[in-house]
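Okay, so here's the structure we're looking at.
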Protein chains: 2
Amino acid sequence: MAKQPSTKDRILNAAEKLFATRGFYGVSIRQITTEADVDPALASYHFGKKKDIFNAVMLRRAEVLNRERIAMLDDCIRRAKPNPAPLHEIIDAFTHALLNRATQGGQGWKNYFAIIAQINNHPELGGIIMTQYFDPLAKKFIAAIQATLPDSQPEDLYWCYHFLSGALTLTFSGTERINNLSEGLCPPSDLYAVHDRLVPFITAGFKVFANGSKINDCNNND
Amino acid sequence: MAKQPSTKDRILNAAEKLFATRGFYGVSIRQITTEADVDPALASYHFGKKKDIFNAVMLRRAEVLNRERIAMLDDCIRRAKPNPAPLHEIIDAFTHALLNRATQGGQGWKNYFAIIAQINNHPELGGIIMTQYFDPLAKKFIAAIQATLPDSQPEDLYWCYHFLSGALTLTFSGTERINNLSEGLCPPSDLYAVHDRLVPFITAGFKVFANGSKINDCNNND
DNA sequence: AACTTTATTCAACAAGTGTTTAATTTATTC
DNA sequence: GAATAAATTAAACACTTGTTGAATAAAGTT
């Protein structure tokens with residue numbers, strides 16, 4: 001019988017769950033503390049303001065996630081030396097830890113990714129929170145891709161990263177949209193199936209800009 | 001001097017603006033009616049509940065947008081006959097109207113797209129509202145792609161559509177993230193630059209699945 | 001002009017908001 | 001075991017929430 005988590009973690013877990021489905025403004029502190037089975041005043045006592053609870057929720061998992069992803073990137077760069085790392089391995093290093101946690105990390109991780117998806121697409125918070133927690137990692141990945149595609153233009157790579165980010169976060173948002181659309185053919189819970197398609201999809205997209213040509217000569221050959 | 005819009009439109013415009021930056025729960029009816037310079041009771045009088053205001057905001061622009069996009073798709077299919085339409089033209093038909101409105105349609109359209117981006121990545125609403133307003137259109141596009149890539153697997157195409165949807169909505173979310181990340185190199189306001197990259201990026205991604213092979217032989221040739 | 005429908009205003013409602021304060025319990029340290 | 005610190009509780013704060021009802025004004029119709 002597992003021992004009960006600490007009060008702080010109970011609050012964070014409850015907040016994570018509720019923020020995931022209703023967003024920051026859609027959740028009250030009393031809802032959080034009720035879900036955590038804890039007195040409302042303890043939220044302020046342990047974390048301060050409501051925004052501080054949210055930041056604590058973000059920080060808790062971002063740290064372990066970024067450590068894993070950077071380790072995977074460094075590993076695939078080291079294996080390829082003295083050549084640059086293969087593109088699809090870089091993309092995989094970027095996405096693999098996310099997939100793994102989302103499928104095997106339990107409901108808490110699913111909730112966390114759903115929040116990330118919302119934040120990433122939020123006009124105000126996307127430019128602040130995502131920048132704060134994930135930009136150092138993003139810069140490392142883009143640098144690795146630049147090394148693999150030496151003739152590519154930086155702007156092109158930034159935009160491709162942006163497309164990857166959008167495709168990825170929507171995937172982890174937990175929406176039933178793609179399941180509805182495909183009439184049950186594509187259950188969003190099957191994240192391994194997604195990953196097997198996402199990596200080649202994104203890899204091919206990046207390669208379009210490998211030669212750095214500004215004119216899109218790829219449009220006329222299908 | 002343009003005459004003042006009707007009370008209903010004033011409320012919808014104010015709601016659209018505020019929902020775009022703070023989401024459904026982050027905006028109160030009093031904030032909306034203050035922004036619209038109108039009595040709070042008029043919101044209930046004209047629309048009913050708060051959710052009805054939100055639905056009215058969604059519906060207003062979705063109708064004109066979908067009409068335009070379907071017309072463009074039909075047009076490019078007709079021009080290509082008796083051959084299937086070229087893939088990049090289908091993708092362009094899917095995205096072009098969005099780009100046009102986002103750049104030349106004024107602030108109201110920008111606000112609308114920011115809301116769409118949030119909804120699309122919302123775990124509850126994404127599977128309901130997006131399905132409701134955009135699934136008929138999505139099915140037409142996927143059918144057109146299927147005709148162009150006859151050997152592709154339906155699941156693959158649905159997932160590719162999903163990636164397109166994520167990349168597209170993040171682009172229109174109005175975040176400053178990619179601008180921060182690129183240190184000013186990629187201003188998100190330059191949506192034409194985005195479009196010129198998005199279409200070839202997505203087109204290349206779809207083509208990976210043109211032959212329908214389940215094994216990703218594309219991974220070993222870079 | 002009289003009447004009816006539509007639109008707008010003002011006031012109020014009960015319930016919920018984030019946060020703080022002081023009192024009390026539990027845990028830690030000497 | 002007494003003194004100190006940390007954690008928890010209950011109550012209250014002033015304020016905002018969505019929505020409604022009755023009263024008033026404007027517009028439309030015979």
Side-chain angles (χ1 to χ4, degrees), chain A residues 1-60 111 115 118-119 122-125 128-129 132, chain B residues 1-60 111 115 118-119 122 124-125 128-129:
Chain A
M1 179 172 166
K3 86 150 186 263
Q4 166 144 292
S6 72
T7 300
K8 287 182 82 166
D9 276 331
R10 306 253 303 286
I11 293 174
L12 288 183
N13 291 340
E16 191 172 58
K17 174 180 174 183
L18 294 170
F19 284 148
T21 49
R22 297 169 67 89
F24 179 77
Y25 297 108
V27 177
S28 73
I29 289 186
R30 278 173 177 84
Q31 288 175 317
I32 294 173
T33 52
T34 299
E35 171 81 26
D37 199 29
V38 141
D39 190 272
L42 286 176
S44 307
Y45 175 76
H46 284 293
F47 295 100
K49 309 286 182 188
K50 188 182 176 186
K51 296 223 170 186
D52 299 322
I53 302 178
F54 188 81
N55 277 326
V57 168
M58 288 290 91
L59 187 61
R60 184 170 57 153
N111 296 335
I115 298 176
Q118 288 181 255
I119 295 300
H122 188 109
E124 284 177 343
L125 300 178
I128 300 170
I129 295 188
Q132 179 182 346
Chain B
M1 179 174 166
K3 85 152 187 263
Q4 165 144 293
S6 72
T7 300
K8 288 182 79 167
D9 277 330
R10 305 255 302 286
I11 293 174
L12 287 182
N13 291 341
E16 190 172 58
K17 174 180 173 182
L18 293 170
F19 283 149
T21 50
R22 297 170 67 89
F24 179 76
Y25 297 108
V27 177
S28 73
I29 290 186
R30 278 175 177 83
Q31 288 174 318
I32 294 173
T33 51
T34 299
E35 172 82 25
D37 199 29
V38 139
D39 190 272
L42 286 176
S44 308
Y45 176 75
H46 283 292
F47 295 100
K49 308 287 181 187
K50 188 183 175 186
K51 295 222 170 187
D52 298 322
I53 302 178
F54 188 80
N55 277 325
V57 168
M58 288 291 91
L59 187 61
R60 185 169 58 152
N111 296 336
I115 298 176
Q118 289 182 254
I119 296 300
H122 189 110
E124 284 177 343
L125 301 178
I128 299 171
I129 295 187

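These figures come from a predicted structure and were not determined experimentally. Every chain is numbered from 1, with letters handed out A, B, ... down the list of sequences.
In this structure, A:I29 places its CD1 atom 9 Å from C1' of C:dT17, rounding to the nearest Å. Put simply, CG on A:D52 is 12 Å from C1' on C:dG18, counting in whole angstrom units. If you take CZ of A:R22 and C1' of C:dG16, they are 13 Å apart, rounded to a whole angstrom. Here the C1' atom of nucleotide C:dG18 and the CG atom of A:L18 are 16 Å apart, to the nearest Å. Rounded to an integer number of Å, the gap from CZ of B:F24 to C1' of D:dG18 is 10 Å. The separation between B:I32 atom CD1 and D:dG18 atom P is 8 Å, rounded to whole Å. Rounded to a whole Å, the CG atom of B:L42 is 13 Å from the C1' atom of D:dT19. Atom OH in B:Y25 sits about 12 Å away from atom P in C:dT17, given to the nearest Å.
For A:R30, the listed nucleotide lying nearest its side chain is C:dT17; candidates were C:dT17, C:dA12, D:dA10. For B:K49, the side-chain atoms get nearest to D:dT19 when compared with the rest of D:dT8, D:dT19, C:dT20. Nearest nucleotide to the B:K50 side chain, out of C:dT20, D:dT19, D:dT20: D:dT19. Out of D:dT9, C:dT6, D:dA12, the shortest distance to the side chain of A:A41 is found at D:dT9.
Residue-to-nucleotide proximity on DNA chain D shows that, of A:D39 and A:Y45, the 5′-proximal contact is made by A:Y45.
Not one N or O on the side chain of A:H46 forms a donor-acceptor pair closer than 3.5 Å with the backbone of A:A41. Between the B:D52 side chain and the B:K49 main chain, a donor and an acceptor come within less than 3.5 Å of each other.
With the 3.5 Å cutoff on both pairing distances, Watson-Crick and G-U pairs in DNA chain D assemble into runs of at least 3 at C:2-27 with D:4-29.
In this structure, B:I53 and B:A15 approach most closely via the heavy-atom pair CG2-CB, 3.9 Å. Pairing each heavy atom of B:Q31 with each of B:G26, the nearest pair is OE1-O, 3.6 Å. Taking both residues in full, the closest heavy atoms of A:K50 and A:F24 are given as NZ-O, 3.0 Å, listed atom of the first, atom of the second, then distance.
Note on A:T7: a side-chain N or O is less than 4.0 Å away from OP1 or OP2 of D:dT8. One finds no side-chain N or O of A:S44 lying less than 4.0 angstrom from the OP1 or OP2 phosphate oxygen of C:dG18. Between A:S28 and C:dT17 there is a side-chain polar atom (N or O) within less than 4.0 angstrom of OP1 or OP2. Taking side-chain N and O atoms only, A:H46 has no distance below 4.0 Å to OP1 or OP2 of D:dA6.
Under the salt bridge (Lys or Arg N to Asp or Glu O under 4.0 Å) rule, A:E35 has a single partner from A:R22, A:R30, A:K17, which is A:K17. The residue from B:I11, B:I32, B:I115 that alone fulfils the side-chain contact (heavy atoms from CB on, under 4.5 Å) condition with B:E16 is B:I115.
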